[in-house]
2 protein chains.
Amino acid sequence: MTYTGRLTAHLAQATRLLMVKADGSVLVHSDGGSYKPLNWMSPPATMRVGEPEPDEASAGVTEVWTVQATKSDDTLRIAIFTLHHDSAHELGTDPGLVKDGVESDLQRLLAEQIERLGDGHALIRREHPTPIGPVDILARGPAGHVAVELKRRGDIDGVEQLTRYLDLLNRDPLLAPVEGVFAAQQIKPQARTLAEDRGIRCVVLDYDEMRGLDDADSRLF
Amino acid sequence: MTYTGRLTAHLAQATRLLMVKADGSVLVHSDGGSYKPLNWMSPPATMRVGEPEPDEASAGVTEVWTVQATKSDDTLRIAIFTLHHDSAHELGTDPGLVKDGVESDLQRLLAEQIERLGDGHALIRREHPTPIGPVDILARGPAGHVAVELKRRGDIDGVEQLTRYLDLLNRDPLLAPVEGVFAAQQIKPQARTLAEDRGIRCVVLDYDEMRGLDDADSRLF
DNA sequence: GTGTGTATGTCGTCA
DNA sequence: TGACGACGTACACAC
């Protein structure tokens, strides 16, 4: 099996599970690893079943699947030796997945519980727009404004992002001085070091606790 | 179907493809989307098939799969209504995937063809270590040292990364002045603007051409 | 459509 | 084992 596209990848002969979806995408799974296939073709694509080359046929290949991406020239070529099992099913359209507990939930909760940043904080707005993107939360603090960058996992990238926002916001005489707060469920040591080096405060958030408070609040009304 | 773990996700009743791997991982696929399942459990995990609750049974549920992660308390619960098809196969161990054309290949090629940075460049080392991570390529240029950050796709993150390295390297009197070069197969306009604003040179690399040269070189020996 | 930020990211590597 | 960066990242959303 060979994939040619953004890179080139080869896969030796073995027993595998092949999945062909309605949109032409093809997945090649082994009996381990996580949900990621060993090799695949993203939709939209078209699959063609053809004859093997003579040398392949003599090596035991019975058929060859050629999967061609519609938009790019990415190609996946699968040589079939033995078909252990084959089964086709019509699944129909799928209702979507409903998620809960992603960054937007965290943002909503922190906006409601803005005092987690410290005493004397008041929410100004979520998703405060700037030319380089929205600041997650803008608040008024005891000594000026506060810009909050929110992440589930606080990584060095988030600190860089917040730094860019702060540079910009502090040029606005109506807002300056603006303090930075890096809030996340978990903050990596390197990110914390960088943040504190730049005078950015780090706040670790407990999602379960915040959600608990939120539920309690809801019950009051 | 419900997943409880880092987040909570619910999936309505529909016809789907369920895959259970040898390591206990479970994938729930619809007949579209890319290779990512709608919902899944990562290995290691254990699956248990049990009876539905009475209210579920009266709604038509025939069995309930409970998938429990071994290391965390992530849980995936799948209510089965109808089994359209069931098939089990032993796949055995899998030979690995062989890739070609990833960043390490690009790095090796650029190290060999360091003159692509311009005349008068000489390689010092790849993966030059610094306290904040390795510099992809360090070279001697016509006017001091040159630090190269290498990406397949040149994004703003890469420029930030290189900037951090340059700040650090230029504090070393043995190395300063260090010029920055941002080399990638493709450089996003925003990344280019930021880089040039910071005096970082941008170099676009043609992988196919570089590989061609490499093959030609190999053939000489 | 392109750019930007998130992800139950996943996956390798290296301390 | 945990941090860190790459990924054929994929994916949603704003402009």
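Order of the sequence lines fixes the chain letters, A, B, ..., with proteins taken first and strands second; residue numbering starts at 1 for each chain.
- What separates CD of A/Q185 from P of C/dA7 is a distance of 9 Å, to the nearest Å.
- At D/dA6, none of the side-chain N or O atoms of B/S104 fall inside 4.0 Å of OP1 or OP2 (strictly under the cut-off).
- Look at NZ on A/K71: it is 16 Å from C1' on D/dG8, rounded to the nearest Å.
- Here the P atom of nucleotide C/dG3 and the CD1 atom of B/I187 are 14 Å apart, to the nearest Å.
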Symbol by symbol from the 5' end, with Watson-Crick or G-U pairs under 3.5 Å, [ ] crossing and | another strand, DNA chain D is |||||||.|||||||
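- Of the residues in residues 13-37 of chain B, those lying under 4.0 Å from DNA chain D by heavy-atom distance are B/S34, B/Y35.
- With rounding to whole Å, A/F182 atom CZ is found 13 Å from C/dG5 atom P.
- C/dC11 and D/dC11 have their P atoms separated by 15 Å, with the value rounded to a whole Å.
- Summary of the strand contacts: A/G5 and A/P129 both lie near DNA chain D, and taking for each the nucleotide with the nearest heavy atom, the more 5' one is attributed to A/G5.
- One interatomic measurement links the two molecules: NZ of A/K99 to C1' of D/dC13, which rounds to 14 Å at whole-angstrom precision.
- A salt bridge links B/R198 to B/E160: one of the charged nitrogens lies within less than 4.0 Å of a carboxylate oxygen.
- The shortest distance between side-chain heavy atoms of B/L18 and B/I80 falls below 4.5 Å.
- The 5' end of DNA chain C is approached more closely, in terms of each residue's nearest nucleotide, by A/D136 than by the other of A/D136 and B/S42.
- Looking at A/Q185 and A/R153, their side chains never come closer than 4.5 Å, going by heavy atoms from C-beta outward.
- With respect to A/R164 and A/D167, no salt bridge is recorded, no charged nitrogen being found less than 4.0 Å from a carboxylate O.
- Rounded to whole Å, atom C1' of C/dA15 lies 14 Å from atom CD of B/E127.
- Remark: side-chain polar atoms of A/K21 are paired, donor with acceptor, to backbone N or O of B/G32 under 3.5 angstrom.
- The distance from atom NE2 of A/H121 to atom NE2 of A/H145, rounded to the nearest 0.5 Å, is 11.5 Å.
- Distance, A/W40 CH2 to C/dT10 P: 14 Å, rounded to whole Å.
- Other residues, nucleotides and ligands contribute over 12 non-hydrogen atoms within 6.0 Å of the CZ atom of B/R108.
- Taking atom P on both D/dG8 and C/dG5, the two are 23 Å apart, rounded to the nearest angstrom.
- Per the geometry, NE2 belonging to B/H10 stands 14 Å off C1' belonging to C/dT8, to the nearest Å.
- Of the N and O atoms on the side chains of B/T46 and B/Q68, not one donor lies less than 3.5 Å from an acceptor on the other residue.
- In this structure, A/N39 reaches the bases: a heavy-atom distance under 4.0 Å links it to at least one base atom across the strands shown.
- Taking every heavy atom of both residues into account, A/H29 and A/L38 meet most closely at C-CD1, 4.4 Å.
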Evaluate A/R192 against A/F182 for side chain to side chain contact (heavy atoms under 4.5 Å, CB included), listing each step before the verdict.
CA-CA 9 Å; A/R192 178 180 290 273; A/F182 190 51; over 6 Å; no
Give me the distances for all protein-to-nucleotides 2-5 of chain D N/O pairs that come in under 3.5 Å?
residue	atom	partner	partner atom	Å
D/dC4	OP1	A/Q190	OE1	2.8
D/dC4	O5'	A/Q190	OE1	3.0

Next on the checklist: Would B/R211 and B/D100 count as a salt bridge (Lys or Arg N to Asp or Glu O under 4.0 Å) here? Give the steps.
Outcome noted: CA-CA 11 Å; B/R211 187 170 45 183; B/D100 167 44; 3.4 Å; yes
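- Counting only distance, with no hydrogens or angles, the side chain of B/D94 and the backbone of A/S30 share no donor-acceptor pair below 3.5 Å.
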